[in-house]
Amino acid sequence: MRAAVLYGPEDIRMEEVPISVPGPGEVLVRVDVASVDFTDRKVFLRGSHPMIKTPGLFGHEWAGTIVEVGPDTGGRWRPGQRVAAANSAPCLAVEGPVCRQCRRGRPSMCETIQYLNGAFAPYILVPRRLARVNLHAVPEDTNLERVVFTEPYACVVQAVRRIPVAPGDAVVVFGAGPMGLFMVNALRRRYGKGCVIVSMDRLDSRLRVAEAMGATHALNTTECASRDALQAAIGRPDADVVIEVIGAVETHREALSLVGRGGTLVSFGGVAPGQTLPVDIGHLHYQEIAIQPIYHHTPVDVAEAVRQLVVGEVPVERLITAHLPISELRKALQMVADRTTLRTILLPDQ
């Protein structure tokens with residue numbers, strides 16, 4: 001089969017690779033739909049990421065149909081089943097001693113986490129561990145384009161579950177790309193109409209989607225300082241919780257400037273290691289401002305993400321703005337950079 005293989009920074013090649021044969025507990029799935037996200041763009045540019053080893057198969061968001069199962073799958077999986085999956089799984093007690101982070105109840109920080117890549121290919125082999133906890137059956141009447149977002153939405157579900165939001169709080173979601181829009185939706189689902197949710201971005205088209213997904217206010221900060229825009233919208237220049245979903249030092253700095261007394265900056269957007277954010281420790285101390293990084297997902301969050309996606313609690317149709325064949329992966333990655341799409345769906349080449 002022809003699959004996308006990442007070799008290094010901006011070095012991705014469509015190559016012939018063998019179709020894997022599933023071993024004990026493994027499942028071979030035909031990739032019916034895949035999705036390209038900003039993480040894929042970052043990995044493409046950097047040529048590295050904690051979740052991928054190079055050279056290696058590329059792509060981590062997919063949904064498809066099982067074509068073959070290995071022995072010892074417990075009868076749970078069979079050819080013809082439609083499935084969606086996360087891109088990793090933490091260590092499991094059935095495999096032996098679990099790591100310290102999993103014992104602490106932090107599976108997203110698992111010390112032996114197993115990642116899965118290879119969505120940009122006709123077939124993907126799901127390893128035993130992931131097939132046990134983070135592979136989910138999809139009803140026949142559910143469009144697979146809906147559940148292709150299982151992995152990114154699971155990350156958002158975990159974040160919203162852990163973010164400290166109190167009644168009456170104002171929450172700013174800094175960035176209205178796909179993850180910011182997912183965040184607005186999940187916050188509204190969890191906290192209802194009483195939560196003030198402010199979406200900030202510089203593209204009106206994305207801010208309109210944010211309003212449709214539940215934002216109380218959608219603020220374009222192209223020609224207005226973010227604190228001034230916030231003051232005009234909610235009557236104060238800061239918020240109780242500010243969630244940075246873009247993943248840059250500059251936007252973290254601006255997001256931190258919006259956190260009010262006793263508030264929290266949630267560092268959700270991933271920044272490349274080695275970059276630093278100067279902070280006024282005295283200000284953080286006396287104002288009791290917390291910085292809470294949140295990364296990845298857990299099996300509980302993956303299951304909840306699938307549930308919400310299947311029952312239609314996430315309006316994914318507002319996010320899907322393009323369809324391309326897998327052979328046009330480079331074009332899809334450039335569209336992410338140009339911000340000419342929210343989410344592009346990749347389909348098998350005909």
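Computed over heavy atoms, backbone and side chain alike; hydrogens, waters and symmetry mates excluded.
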S.K.: Check this for me: does any side-chain nitrogen of one of Glu10 and Arg330 sit under 4.0 Å from a carboxylate oxygen of the other?
M.R.: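 Here Glu10 does not pair with Arg330 in a salt bridge, since their nearest N and O are not under 4.0 Å apart.
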
S.K.: What is the distance from atom CE of Met183 to atom SG of Cys155, rounded to the nearest 0.5 Å?
M.R.: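 One gets 9.0 Å once the value is rounded to the nearest 0.5 Å.
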
S.K.: Using 0.5 Å steps for rounding, measure from the SG atom of Cys99 to the CZ atom of Arg104.
M.R.: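 Cys99 atom SG to Arg104 atom CZ measures 10.0 Å (nearest 0.5 Å).
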
S.K.: Looking at Thr216 and Ile197, would you say the former's side chain and the latter's main chain have a donor-acceptor pair under 3.5 Å?
M.R.: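 Here the side-chain-to-backbone pair exists.
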
S.K.: Quick one: does any side-chain atom of Asp169 pair with a main-chain N or O of Ala166 as donor and acceptor, under 3.5 Å?
M.R.: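 Yes, because the side chain of Asp169 sits within donor-acceptor range (under 3.5 Å) of the backbone of Ala166.
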
S.K.: Can Val249 and Thr276 be said to form a side chain to side chain contact (heavy atoms under 4.5 Å, CB included), step by step?
M.R.: CA-CA 7 Å; Val249 173; Thr276 58; over 6 Å; no

S.K.: Are Val67 and Leu135 connected into the same hydrophobic cluster when the rule is that any two of I, L, V, M, F, W, Y join if their side-chain heavy atoms are below 4.5 Å apart?
M.R.: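 Looking at the clustering, Val67 is in a separate group from Leu135.
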
S.K.: Got Phe120 and Leu57 here, is their nearest side-chain heavy-atom distance under 4.5 Å?
M.R.: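 In short, these two side chains do not touch, never coming nearer than 4.5 Å.
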
S.K.: Can a donor-acceptor pair be found, under 3.5 Å and without considering hydrogens, that links the side chain of Arg132 to the backbone of Leu92?
M.R.: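 Checking the backbone N and O of Leu92 against the side chain of Arg132, no donor-acceptor pair under 3.5 Å is found.
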
S.K.: With clusters defined by side-chain heavy atoms of hydrophobic residues (ILVMFWY) lying less than 4.5 Å apart, directly or transitively, does Phe38 cluster with Leu319?
M.R.: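 Looking at the clustering, Phe38 is in a separate group from Leu319.
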
S.K.: State, to 0.1 Å, how close Val245 and Gly175 come at their nearest heavy-atom pair, and which atoms those are.
M.R.: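 Result for this residue pair: CG2-O, 3.4 Å.
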
S.K.: Take Leu324 and Lys331, measure what side chain to side chain contact (heavy atoms under 4.5 Å, CB included) needs, and give me the verdict at the end.
M.R.: CA-CA 9 Å; Leu324 290 173; Lys331 178 179 179 180; 4.2 Å; yes

S.K.: Charged N to carboxylate O below 4.0 Å: is that the case for Arg2 and Asp349?
M.R.: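 Result for this pair is no, no salt bridge flagged.
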
S.K.: Val259 versus Thr264: any side-chain heavy-atom pair under 4.5 Å?
M.R.: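 Side-chain contact under 4.5 Å: no.
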
S.K.: Are the side chains of Val198 and Leu219 in contact, using a 4.5 Å heavy-atom criterion?
M.R.: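 With C-beta onward as the side chain, the pair touches.
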
S.K.: Do Glu288 and Arg261 come within less than 4.5 Å of each other through their side chains, counting heavy atoms only?
M.R.: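 Answer no - side chains too far apart.
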
S.K.: So, the side chain of Arg318 versus the backbone of Met213: is there a donor-acceptor pair under 3.5 Å, distance only?
M.R.: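 Answer holds: no.
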
S.K.: Which atoms form the tightest heavy-atom contact between Ala215 and Arg188, and what is the distance?
M.R.: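 Nearest heavy atoms, Ala215 then Arg188: C-NH2, 4.4 Å.
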
S.K.: Say you draw a straight line from CD1 of Ile246 to CD of Glu254; how long is it, rounded to the nearest 0.5 Å?
M.R.: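 Here the rounded value is 8.0 Å.
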
S.K.: Where is the tightest heavy-atom contact between Phe44 and Ile12, given as atom of each residue plus distance?
M.R.: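 The answer is CE1-CG2, 3.6 Å.
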
S.K.: Does Glu111 form a salt bridge (charged side-chain N to carboxylate O under 4.0 Å, His left out) with Arg106? I'd like the steps, not just the answer.
M.R.: CA-CA 10 Å; Glu111 296 165 3; Arg106 299 290 302 279; over 6 Å; no

S.K.: Given Tyr153 and Asp301, is the side chain to side chain donor-acceptor pair (under 3.5 Å) satisfied, shown in steps?
M.R.: CA-CA 9 Å; Tyr153 195 63; Asp301 303 307; over 6 Å; no

S.K.: Begin from the C-alpha positions of Leu230 and Arg236 and carry the test side chain to side chain contact (heavy atoms under 4.5 Å, CB included) through to its verdict.
M.R.: CA-CA 6 Å; Leu230 199 55; Arg236 50 184 282 206; 5.8 Å; no

S.K.: Is Glu95 paired with Arg129 through a side-chain N to carboxylate O contact shorter than 4.0 Å?
M.R.: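 Looking at Arg129 and Glu95, the cut-off is met.
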
S.K.: Test His297 against Asn134 for side chain to side chain donor-acceptor pair (under 3.5 Å), laying out the working first.
M.R.: CA-CA 10 Å; His297 49 66; Asn134 274 345; 4.5 Å; no

S.K.: Charged N to carboxylate O under 4.0 angstrom, Glu317 versus Arg146?
M.R.: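 A salt bridge links Glu317 with Arg146.
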
S.K.: For the pair Asn220 (side chain) and Met200 (backbone), establish whether a donor and an acceptor sit closer than 3.5 Å, ignoring hydrogens and angles.
M.R.: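 Not at all, since once roles are kept as given, no pair shorter than 3.5 Å links the two residues.
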
S.K.: Just so I know, are the side chains of Leu346 and Val36 near enough to count as touching, which here means a heavy-atom distance under 4.5 Å?
M.R.: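 Yes. Closest side-chain heavy atoms under 4.5 Å.
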
S.K.: Test your reading of the model: is there a side-chain donor-acceptor pair from Gln81 to the backbone of Arg78, 3.5 Å cut-off?
M.R.: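 Pair found, side chain donor or acceptor close to backbone of Arg78.
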
S.K.: Can you confirm whether Arg227 sits close enough to Leu258 that some side-chain heavy atom of one is under 4.5 Å from a side-chain heavy atom of the other?
M.R.: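 Yes; the side chains approach each other to less than 4.5 Å.
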
S.K.: Has the side chain of Asp240 got a donor or acceptor atom that lies under 3.5 Å from a matching backbone atom of Ala170?
M.R.: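 Indeed, once roles are kept as given, a pair shorter than 3.5 Å links the two residues.
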
S.K.: Should Leu187 and Val156 count as side-chain neighbours, where that means a heavy-atom distance under 4.5 Å?
M.R.: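 Answer no - side chains too far apart.
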
S.K.: Is the closest basic N to carboxylate O distance between Arg307 and Glu313 below 4.0 Å?
M.R.: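 A salt bridge is present here (some side-chain N lies under 4.0 Å from a carboxylate O).
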
S.K.: Please walk me through it: do Tyr115 and His296 pass ring-ring contact (aromatic ring centres under 6.0 Å, His included)?
M.R.: CA-CA 11 Å; Tyr115 288 105; His296 214 45; 5.6 Å; yes

S.K.: Drop me the distance from Glu151's CD to Ser88's OG, to the nearest 0.5 angstrom.
M.R.: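 So the CD of Glu151 and the OG of Ser88 are separated by 7.5 Å.
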
S.K.: I'd like to know if the side chain of His285 and the backbone of Ile281 have a donor-acceptor N/O pair within less than 3.5 Å.
M.R.: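 Side chain of His285 to backbone of Ile281: no pair is present.
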
S.K.: Any chance you could measure Ile243, atom CD1, to Ile163, atom CD1, to the nearest 0.5 Å?
M.R.: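 With rounding to 0.5 Å, CD1 (Ile243) is 3.5 Å from CD1 (Ile163).
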
S.K.: Just to verify, which of Asp40, Asn117, Thr39 counts as forming a side chain to side chain donor-acceptor pair (under 3.5 Å) with His60?
M.R.: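 The passing option is Asp40.
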
S.K.: Please name the pair of heavy atoms, one in Val316 and one in Leu309, separated by the smallest distance, quoted to 0.1 Å.
M.R.: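 Closest pair (atom of Val316, atom of Leu309, distance): CG1-CD2, 3.8 Å.
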
S.K.: Would Arg343 and Ser35 satisfy side chain to side chain donor-acceptor pair (under 3.5 Å), going step by step from the backbone distance to the final call?
M.R.: CA-CA 7 Å; Arg343 276 305 177 97; Ser35 177; 3.1 Å; yes

S.K.: Determine the minimum heavy-atom distance between Pro90 and Pro107, stating which atoms define it.
M.R.: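 What the structure gives for the nearest pair is CB-O, 3.7 Å.
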
S.K.: Linking I/L/V/M/F/W/Y whenever their side-chain heavy atoms sit closer than 4.5 Å, directly or via other members, would Met51 and Leu6 fall into one cluster?
M.R.: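 In one cluster: yes.
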
S.K.: Shortest non-hydrogen contact from Gly180 to Val173?
M.R.: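 Nearest heavy atoms, Gly180 then Val173: O-CG1, 3.7 Å.
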
S.K.: Using a 4.5 Å cut-off on heavy atoms from C-beta on, say whether the side chain of Met335 contacts that of Asp338.
M.R.: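 Sidechains of Met335 and Asp338: no contact.
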
S.K.: Regarding Asp201 and Arg339, does a basic nitrogen lie under 4.0 Å from an acidic carboxylate oxygen?
M.R.: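 Salt bridge flag = yes for Arg339 with Asp201.
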
S.K.: Do NZ/NE/NH1/NH2 and the carboxylate oxygens of Arg206 and Asp204 come within less than 4.0 Å?
M.R.: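 Not counted as a salt bridge, because no side-chain N and carboxylate O are separated by less than 4.0 Å.
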
S.K.: Here's one to test your reading of the geometry: is the NZ or CZ of Arg13 within 45 degrees of the ring axis of Tyr7 and under 6.0 Å from its centre?
M.R.: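 Pair Arg13/Tyr7 counts as cation-pi.
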
S.K.: Checking side chain to side chain donor-acceptor pair (under 3.5 Å) for the pair Thr251/Glu244: CA distance, chi angles, key distance, verdict?
M.R.: CA-CA 7 Å; Thr251 47; Glu244 199 282 351; 2.5 Å; yes

S.K.: Starting from the C-alpha separation in whole Å, work towards a yes-or-no answer on side chain to side chain contact (heavy atoms under 4.5 Å, CB included) for Arg161 and Thr298.
M.R.: CA-CA 11 Å; Arg161 175 172 59 82; Thr298 75; 3.9 Å; yes

S.K.: So that I can tick it off, tell me whether Arg30 and Asp32 are bridged by a salt bridge, with the cut-off set at under 4.0 angstrom between side-chain N and carboxylate O.
M.R.: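 Yes, Asp32 and Arg30 are salt-bridged.
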
S.K.: Does this structure show an ion pair linking Arg253 with Glu250, if we count only N-O contacts that are shorter than 4.0 Å?
M.R.: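 Glu250 and Arg253: not salt-bridged.
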
S.K.: Under 6.0 Å between ring centres, would you say that holds for Tyr295 and Phe268?
M.R.: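 Centroid separation for Tyr295 and Phe268: 6.0 Å or greater.
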
S.K.: Nearest 0.5 Å, what's the CG-CD distance between Leu125 and Glu26?
M.R.: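 Interatomic distance, Leu125 CG to Glu26 CD, rounded to 0.5 Å: 4.5 Å.
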
